Amino acid sequence: MSSSTVQRAVIPRHIGIIMDGNGRWALERGRPRIVGHRVGASTVRRITEAAARLGVNQLTLFAFSTENWKRPAGETQFLMRLFLRFLSSDERVLIERGIRLHAIGRLHELPDEVRRELLRVMESTSRGDRFTLCLAVNYGARSEIVDACRALAGRAIAGSVQPSDIDEALFEGALYQPDMPPLDLVIRTGGDMRLSNFLLWQAAYAELWITPDCWPDFSEEHLMRAIDAFATRERRFGALLGSREFASPG
Ligand code: FPP
């Protein structure tokens with residue numbers, strides 16, 4: 001497997017990653033869990049750059065789930081500070097490289113400073129048209145679906161939508177990132193074989209690729225292995241199609 005193999009293969013347009021195993025990675029080295037998160041932040045930079053270079057259009061990273069608030073306050077506060085540091089240190093590079101930052105989740109429940117900075121960098125990078133980096137922060141897929149239902153119910157009561165108008169396309173337009181491309185590939189690090197409430201709607205036809213290696217050790221080589229595996233999958237979207245000509249439905 002080499003980067004030329006990847007270039008010939010079908011490149012997924014949209015990859016989602018469940019970045020698991022930061023805590024384990026640190027504990028295995030006799031270090032506190034937060035060290036794994038800090039090293040994980042540099043993996044975010046490397047993999048964003050690699051994905052953009054390989055021709056992927058969007059990377060969505062599960063950075064903080066709605067359930068992660070159950071962790072000790074020291075760890076959640078550290079993660080919030082890490083997000084702030086990432087936003088201030090990487091904003092210029094994102095703009096220079098044509099990368100648009102997007103965030104999905106219940107952003108209104110985040111600490112004020114984190115929400116403000118996320119919205120500010122989303123605005124300052126909004127002209128980036130080479131690649132989208134989407135951070136799922138205080139994100140849960142079930143909450144996203146409930147929030148979309150609430151938005152559509154509100155529009156139905158206001159009379160701007162009829163219940164019979166609601167189809168999959170309209171529903172997707174009410175999700176957190178209405179222009180999100182279909183999710184082609186979900187990668188999970190750390191070895192667990194589950195989706196953990198990540199992009200449940202969007203993952204309906206996504207291919208899954210799981211590595212036992214932890215997120216701080218995830219490299220461009222892993223990314224290319226996942227993309228190579230994706231290119232060998234036959235995606236039928238429920239039909240009896242013997243072709244791998246396309247990367248996503250529609
Ligand atoms: C899961 O590992 C990881 C998280 C809950 C946090 C992910 C955050 C980062 C990678 C840090 C930086 C992100 C950005 C966007 C700058 P875990 O701690 O649950 O691992 P474990 O299963 O070993 O406990």
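Ligands are counted one by one from 1 in listed order, and the atoms in each one are counted from 1 as well. Quick caveat: nothing in here was measured; it's all calculated off a predicted structure.
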Contact partition for F83 relative to ligand 1, non-hydrogen atoms under 4.0 Å: side chain

Report the part of W25 in contact with ligand 1, treating N, CA, C, O as backbone and CB onward as side chain, heavy atoms under 4.0 Å; options are side chain, backbone, both, neither. neither

Heavy-atom count around R31 CZ within 6.0 Å, excluding the residue itself: above 12? no

Selected option - heavy-atom contact closest to atom 11 (C) of ligand 1, from E28, E75, H37: H37

Ligand 1 to L82, heavy atom cutoff 4.0 Å, flagged ligand atoms 11 (C), 12 (C)

Tell me, please: is G21 in heavy-atom contact with ligand 1, that is, under 4.0 Å? yes

Among protein heavy atoms, which lies nearest atom 24 (O) of ligand 1, and at what distance? R33 NH1, 3.0 Å

Name all pairs fulfilling the ring-ring contact (aromatic ring centres under 6.0 Å, His included) condition that reach into residues 65-108, sequence neighbours left out, sorted by first residue then second. F64-W69

Atoms in ligand 1 flagged as close to A63, the criterion being non-hydrogen separation under 4.0 Å: 6 (C), 7 (C), 8 (C)

Heavy-atom nearest neighbour of atom 17 (P) of ligand 1 within options D20, N68, L101: D20

Take E75 and N68 through the test side chain to side chain contact (heavy atoms under 4.5 Å, CB included) and record every step on the way to the result. CA-CA 9 Å; E75 183 169 338; N68 285 153; over 6 Å; no

Nearest-contact summary for atom 1 (C) of ligand 1 - protein heavy atom, Å: M19 O, 3.2 Å

Identify the protein heavy atom lying closest to atom 23 (O) of ligand 1, giving its residue, its atom name and the separation to 0.1 Å. R24 N, 2.7 Å

Per-atom contacts, ligand 1 versus F86 - under 4.0 Å to a heavy atom: 16 (C)

Are S89 and R45 side-chain neighbours, meaning at least one heavy-atom pair lies under 4.5 Å? yes

List the residues meeting side-chain contact (heavy atoms from CB on, under 4.5 Å) with E117, not counting sequence neighbours, and say none if there are none. L84, L87, R120

One finds that the ligand 1 atoms under 4.0 Å from a non-hydrogen atom of W215 are 10 (C)

Show the atoms of ligand 1 that are less than 4.0 angstrom away from any heavy atom in R71. 5 (C), 17 (P), 18 (O), 19 (O)

Is there side-chain contact between V186 and E207, with at least one heavy-atom pair below 4.5 Å? no

Test of understanding: given a 4.0 Å heavy-atom threshold, classify the contact between L135 and ligand 1 as side chain, backbone, both, or neither. side chain

R188/D20 ion pair, N-O < 4.0 Å: yes

With side chains defined as the heavy atoms from C-beta onward, is the minimum distance between I145 and F171 less than 4.5 Å? yes

Closest protein heavy atom to atom 10 (C) of ligand 1, given as residue, atom name and distance to 0.1 Å: N22 ND2, 3.3 Å

Which of the atoms of ligand 1 are close to A41, meaning less than 4.0 Å from one of its heavy atoms? 12 (C)

Establish, from distance only, whether the side-chain atoms of E172 and Q202 form a donor-acceptor pair under 3.5 Å. no

Are D228 and R225 ion-paired here, with the side-chain N under 4.0 Å from a carboxylate O? no

